[in-house]
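Notes for the one structure printed next.
The structure displayed is predicted, hence computed values, not measured ones.
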Amino acid sequence: MRRPVAVRLHAALATLALAAATGAVLTTHEASAATAGATGYATQNGGTTGGAGGQTVRATTGTAIHAALCGRASSSTPIVIQVEGTINHANTSKVSGSSCNTADGVIELKQISNVTIVGVGSGAVFDQLGIHIRESRNIVIQNVTVRNVKKSGSPTSNGGDAIGMESGVRNVWVDHTTLEASGGESEGYDGLFDMKDNTQYVTLSYSVLRNSGRGGLVGSSESDLGNGFITYHHNLYQNIDSRTPLLRGGVSHIYNNHYVSLNESGINSRAGARARVDNNYFEDSKDVLGTFYTDALGYWQVGGNVYDNVTWSRPGSDNHPAGPSPQSNTTVSVPYAYSLDAADCVPSVVSRTAGAGKGLLVSDGSCTPQSPTPTPTPTGPTPTPTPTRPSGTNLSIGAGSDGSSKADGTSYGNVRDGSLATYWSPAGTTGAVSIKWGSPTTVSRIDIREASGATGRIGSWKVVNADTGAVLKTGSGAGVISVPTTTLSKITFEITGASGTPRVAEYETYAG
């Protein structure tokens, strides 16, 4: 039986000794391209470009990173910050300004947008100091190492997460990074890559996560279900106890990752989460997929994965492993194109591409590393198209409606009046609205349409047969929803997570 991470580690990583020049603005010919292009869910919701097109600044201290953020014309002025050297507590101080909101002892990307942080030259190491993204959008982090970030002991930083996101974060691409610790929670470490409190449209690609008790999570608790649309691809998870990742609610796409020495559990889909798990290679590990430590079940669609020396525990009341022969229990449609490597070559291609300092090499979809291009041609499967709007009679027209507390100036009837110009909003960010009929009516599809100016606000939801209380479907985001064909008198759409106050313009219902 494998021992936990902390017991098996032998020494901390060596510290790089680099100069501390700060704040140099680069000319055009000195600045190198930071990225090719985002992949996965980071390409959705308007895309993720970071600071592309903005000024390029060189920084060799954390204070210089903060100064670059604070020196912009506004909090949304694009900027590319090229980082070289070791960033630590000693050289990371708060900087004030109208375009930033920074703090001592942590790289604070708070209430800002359109920023790229990329390691250059001999490399960028964030040593015992985390990167905190909060209330921000359109962020790119690339080619950096973040190591030994603590939440307890000394020094502490960022709640113990190497990279942590929370509070309405949108569109983040983390690529070619190395995230590592030297043990688990008892040694003062927490997660390597955490998302919570309404974080959406994130991709983690070509990265190494290792030597930690916790790989990362989506959702901080069973009630934090407004996160989702996360892609993990071509990453190496090595010597991790659990959470690779832990998913609470939302939708995730997990493909072409190499998992080695997962000591207690791996992908933990729970609380209604839905994960598409394609062509991964699981090796020398335990309980690599399932719902663990809870009876709040999650779901998965599996295909093309390799299970090499994987062991499985027995099912129990709070232990629901997917193996020993994992089968799909849901379907997950992916809205973007992607290149899918065969699982048997994943260990090789990931070893040559994942992590900081690998020259930003990517796979071409045929297990061959290559330099990235701005517009790669997908060679993988064609994704399932986004469902088209239902045809036939909208059964909501002429029906009744009610719901939970509504915001001032809105009406339940606005969701069934056939007009996108009117809408219902809950009194807060969550709430429920129902369509009801005087006699039993058969429904198999609904279409939730958001009002202009509020698209993308709806996060997690569930559809409930209000006659019986049965949950017909859970998911994230507005749009067309297929539910089991059901005859009922009242059907409820309950929003359980959102970014801002949702505006439901139309709640359409259809028989087929």
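Checked for salt-bridge contact, Arg214 and Glu185 meet the test: a charged N lies under 4.0 Å from a carboxylate O. Under the 4.0 Å criterion applied to side-chain N and carboxylate O atoms, Arg445 and Asp447 are not assigned as salt-bridge partners.
Screening Phe229, Tyr41, Tyr336, Trp300 for a ring pair (Phe, Tyr, Trp, His ring centres under 6.0 Å) with His253, the sole residue that qualifies is Tyr336. Considering Gln111, Lys110, Glu108 in turn, Lys110 is the only one that fulfils the side-chain contact (heavy atoms from CB on, under 4.5 Å) rule with Arg134. For the side-chain contact (heavy atoms from CB on, under 4.5 Å) with Leu109, the lone residue among Ile131, Thr102, Val169 that qualifies is Ile131.
Listed by first then second residue, pairs satisfying salt bridge (Lys or Arg N to Asp or Glu O under 4.0 Å) with a partner in residues 245-257 read Glu222-Arg248, not counting sequence neighbours. Every pair tested for salt bridge (Lys or Arg N to Asp or Glu O under 4.0 Å) that includes a residue from residues 228-237 fails, sequence neighbours excluded, so the list is empty.
For the pair Ser223 (side chain) and Ser221 (backbone), a donor-acceptor distance under 3.5 Å is absent.
In this structure, Lys462 places its NZ atom where only 12 or fewer heavy-atom neighbours from other residues, nucleotides or ligands lie under 6.0 Å away.
Using a 30° and 60° split on the angle between ring planes, Tyr255 and His234 fall in the perpendicular class, above 60°. Ring orientation note: the planes of Tyr281 and His258 are nearly perpendicular, at an angle over 60° on the 30°/60° scale.
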Acceptor/donor pairs from residues 392-403 side chains to any protein atom, 3.5 angstrom cut, sequence neighbours excluded:
| from | atom 1 | to | atom 2 | distance (Å) |
| --- | --- | --- | --- | --- |
| Asn394 | OD1 | Ser396 | N | 3.0 |
| Asn394 | OD1 | Thr509 | N | 3.2 |
| Ser396 | OG | Tyr507 | O | 2.7 |
| Ser396 | OG | Thr509 | N | 3.3 |
| Ser396 | OG | Thr509 | OG1 | 2.9 |
| Ser401 | OG | Tyr412 | O | 3.2 |
| Ser401 | OG | Arg416 | NE | 2.7 |
| Asp402 | OD1 | Lys490 | NZ | 3.2 |
| Asp402 | OD2 | Lys436 | NZ | 3.1 |
| Asp402 | OD2 | Lys490 | NZ | 3.1 |

